[in-house]
*Asks:* 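Here it is: the structure, laid out below.
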Amino acid sequence: MFKSEDVSAMTVLAYLVYLVISVPLTIWVARTLSHNGRVFLIDVFDGNNDFADAVNRLLVVGFYLVNLGFVTLFLRTRDTVADARGAIEQLSMKLGTVLVVLGILHLLNVWIFNAIRRRSRQEEMTTPPVPPNNVIPQGQNGPQGPFQNNPFQPVQGPGVPFTGTQYPMPGGY
């Protein structure tokens, strides 16, 4: 039916088409993610452009290494490609797998950097915007001053900062 030279030529052709599609696709995805991810990284790293650009370049290099390594390792096939239908089926399986791996790596990167961003936002929210002007003096038995006997008493007197835990009340209530 088919000569062995025809089968080998069709297999080699399928390999070449796979490489011609998957390598530029990997390069395009890496450049797109790098370009559009820069703004996100600058936000993650609190406006530190140099650090964000350095991390962006490292991510692109890692992306190339992992994906191009995967593309080349996934090049080999055990099935013989005898006709155009077999070549298309092989290409669709291989390119589909490459696209799924690219997508998973992209989502993993976004998830990791979003976790870093969320953690830095939580730290910002727990840090008070301004330090207190004064503190309540501490004695051996705890705070001295207006909280000594009744912690629900309104804060009065000099030297006691309003920290958000006391409720100032106008006189007469």
Side-chain angles (χ1 to χ4, degrees), residues 1-133 135 161-166:
M1 185 158 145
F2 290 106
K3 295 181 185 176
S4 102
E5 302 92 37
D6 293 338
V7 172
S8 292
M10 190 61 88
T11 303
V12 169
L13 181 65
Y15 287 162
L16 290 175
V17 170
Y18 167 71
L19 288 173
V20 164
I21 293 173
S22 59
V23 170
L25 182 66
T26 300
I27 293 169
W28 174 75
V29 169
R31 286 183 177 173
T32 302
L33 293 176
S34 172
H35 177 72
N36 295 321
R38 183 177 183 275
V39 174
F40 180 73
L41 289 174
I42 289 171
D43 185 47
V44 167
F45 296 119
D46 292 326
N48 189 342
N49 290 351
D50 293 335
F51 190 67
D53 289 339
V55 168
N56 201 10
R57 283 188 297 272
L58 290 172
L59 284 172
V60 168
V61 169
F63 187 83
Y64 280 140
L65 290 173
V66 169
N67 285 293
L68 293 176
F70 178 76
V71 163
T72 56
L73 286 174
F74 202 61
L75 176 68
R76 185 176 165 193
T77 183
R78 290 195 172 98
D79 299 333
T80 56
V81 179
D83 56 359
R85 177 182 175 206
I88 291 171
E89 288 174 357
Q90 283 290 328
L91 286 172
S92 69
M93 285 295 295
K94 289 184 177 298
L95 290 174
T97 304
V98 167
L99 290 173
V100 168
V101 169
L102 286 171
I104 289 171
L105 286 175
H106 168 65
L107 291 175
L108 181 65
N109 278 338
V110 169
W111 182 76
I112 288 170
F113 283 108
N114 194 37
I116 292 169
R117 181 175 176 256
R118 188 173 42 246
R119 185 179 312 138
S120 71
R121 296 296 183 256
Q122 286 176 345
E123 288 174 7
E124 284 177 7
M125 295 183 81
T126 59
T127 305
V130 286
N133 352 355
V135 293
F162 179 69
T163 61
T165 57
Q166 302 92 1

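Being a predicted model, the structure only gives us computed values, none of them experimental. Computation of the quantities below employed the complete heavy-atom set of this structure, encompassing side-chain atoms and omitting hydrogens, waters and symmetry-equivalent molecules. Count residues from 1 along the sequence.
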*Asks:* What's the shortest heavy-atom distance between V29 and F63, and which atoms?
*Replies:* CG1-CZ, 3.6 Å
*Asks:* How long is the span from the CE atom in M93 to the CZ atom in F74, to the nearest 0.5 Å?
*Replies:* 6.5 Å
*Asks:* For the CG atom of L41 and the CZ atom of F51, what is their distance to the nearest 0.5 Å?
*Replies:* 9.5 Å
*Asks:* First locate atom CG of L99, then atom CD1 of I104, and finally report the distance between them rounded to the nearest 0.5 Å.
*Replies:* 11.0 Å
*Asks:* Which atoms form the tightest heavy-atom contact between R31 and Y64, and what is the distance?
*Replies:* CG-OH, 4.1 Å
*Asks:* From I42 CD1 over to D53 CG, what is the distance, rounded to the nearest 0.5 angstrom?
*Replies:* 6.0 Å
*Asks:* Looking only at heavy atoms, which two atoms of A30 and V60 are closest? And how far apart?
*Replies:* O-CG2, 4.2 Å
*Asks:* Which pair of heavy atoms, one from F40 and one from N114, lies closest together, and at what distance?
*Replies:* CZ-N, 3.8 Å
*Asks:* Mind running side-chain contact (heavy atoms from CB on, under 4.5 Å) on N67 and V101 for me, showing each step along the way?
*Replies:* CA-CA 8 Å; N67 285 293; V101 169; 4.0 Å; yes
*Asks:* To the nearest 0.5 Å, what is the distance between OG (S34) and CG (L59)?
*Replies:* 8.5 Å
*Asks:* Mind listing the closest non-hydrogen atom pair of A87 and M10 along with its distance?
*Replies:* CB-SD, 4.5 Å
*Asks:* Tell me the closest heavy-atom pair linking R76 and Y15, and the distance in Å.
*Replies:* CA-OH, 4.0 Å
*Asks:* Just how far is it from atom CG of L107 to atom CG of L102, taken to the nearest 0.5 Å?
*Replies:* 11.0 Å
*Asks:* What I'd like to find out is whether the side chain of N49 reaches to under 4.5 Å of the side chain of R38, using heavy atoms alone.
*Replies:* yes
